[in-house]
Amino acid sequence: NLNTYMCVHACVRPCVRVLYDCMHSSSYSEDCSRTLVAMSWLFVGWLLHYVPFYMMARVLYFHHYLPAYLFNTMLSGILLGFILRHTARILSSYTTYLREREVLGFLLAPVAAVIVLSFILFSPLSYGMTGETSEHPSSQMYGLKWLSSWEF
């Protein structure tokens with residue numbers, strides 16, 4: 001769980017720095033400040049729901065992590081939207097034939113494809129696996145156990 005925190009911190013800190021730098025730019029200040037406030041509240045919500053269960057010295061089940069996961073999902077969506085909007089704004093300024101909305105569509109298509117593919121691949125974990133365990137080569141989950149620490 002400490003690794004999770006460090007990964008989240010390593011990903012969020014540069015993004016917050018970009019937001020902070022962006023807030024001092026006159027053209028994006030309102031969008032950046034609104035995004036930074038939303039991300040701050042969601043990060044605080046994530047911390048308040050995750051930290052108490054991290055400190056427990058007992059078995060933790062999904063219902064312990066789900067509230068923190070909800071905040072993490074919302075935070076990821078806001079961050080992804082912010083990054084895609086500003087990347088589209090930057091890329092559309094370099095071209096005369098593509099508008100910002102079209103560039104955003106080109107950027108969003110691969111992201112949506114990855115999300116749908118990951119849902120299709122990992123949906124048996126949510127909806128119930130049938131057959132052999134993930135260690136068995138004929139299992140539908142055999143190729144999805146990417147880390148040896150995953151237990152399913």
Side-chain angles (χ1 to χ4, degrees), residues 1-25 27-92 100-131 133-135 139-152:
N1 287 339
L2 182 60
N3 291 336
T4 303
Y5 169 75
M6 292 178 72
C7 288
V8 168
H9 184 70
C11 293
V12 170
R13 186 177 169 96
C15 295
V16 169
R17 179 66 188 170
V18 167
L19 284 170
Y20 179 78
D21 292 342
C22 185
M23 284 177 56
H24 292 89
S25 168
S27 60
Y28 304 130
S29 63
E30 183 180 334
D31 185 35
C32 290
S33 63
R34 187 177 58 236
T35 303
L36 185 60
V37 167
M39 286 178 57
S40 306
W41 280 110
L42 290 172
F43 187 70
V44 167
W46 176 81
L47 280 176
L48 290 174
H49 284 86
Y50 187 77
V51 170
F53 293 113
Y54 178 76
M55 293 184 293
M56 287 184 179
R58 59 176 233 171
V59 175
L60 297 176
Y61 299 100
F62 282 131
H63 67 273
H64 294 112
Y65 295 110
L66 287 179
Y69 178 72
L70 180 63
F71 281 97
N72 189 16
T73 303
M74 291 187 289
L75 180 64
S76 299
I78 289 175
L79 182 63
L80 181 64
F82 176 79
I83 291 170
L84 289 177
R85 273 194 320 273
H86 287 279
T87 304
R89 204 174 279 168
I90 291 168
L91 292 177
S92 66
E100 184 178 329
R101 178 168 273 203
E102 294 167 341
V103 173
L104 186 61
F106 287 129
L107 293 173
L108 192 57
V111 172
V114 167
I115 291 171
V116 169
L117 180 65
S118 67
F119 173 77
I120 291 169
L121 288 176
F122 290 103
S123 63
L125 290 175
S126 297
Y127 296 115
M129 296 170 26
T130 59
T133 62
S134 61
E135 288 85 18
S139 170
Q140 62 183 3
M141 293 285 106
Y142 181 71
L144 297 178
K145 189 173 180 181
W146 297 340
L147 299 176
S148 61
S149 62
W150 289 2
E151 297 178 10
F152 58 85

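Please read these numbers as outputs of a predicted model, since none were measured by experiment.
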Note: A88 and V103 closest approach over all heavy atoms is CA-CG1, 3.6 Å
Heavy-atom nearest pair, A68 first then Y50, reads CB-CB, 3.9 Å
Next on the checklist: So T35 and R85, do their side chains get closer than 4.5 Å, heavy atoms only?
Outcome noted: yes
Would you call W46 and L75 a side-chain contact if the rule is heavy atoms closer than 4.5 Å?
no
Any chance you could measure [X], atom [atom1], to [Y], atom [atom2], to the nearest 0.5 Å?
X: I83; Y: I78; atom1: CD1; atom2: CD1; value: 12.0 Å
X: L70; Y: L42; atom1: CG; atom2: CG; value: 9.0 Å
X: M39; Y: F82; atom1: CE; atom2: CZ; value: 8.0 Å
X: F43; Y: L79; atom1: CZ; atom2: CG; value: 12.0 Å

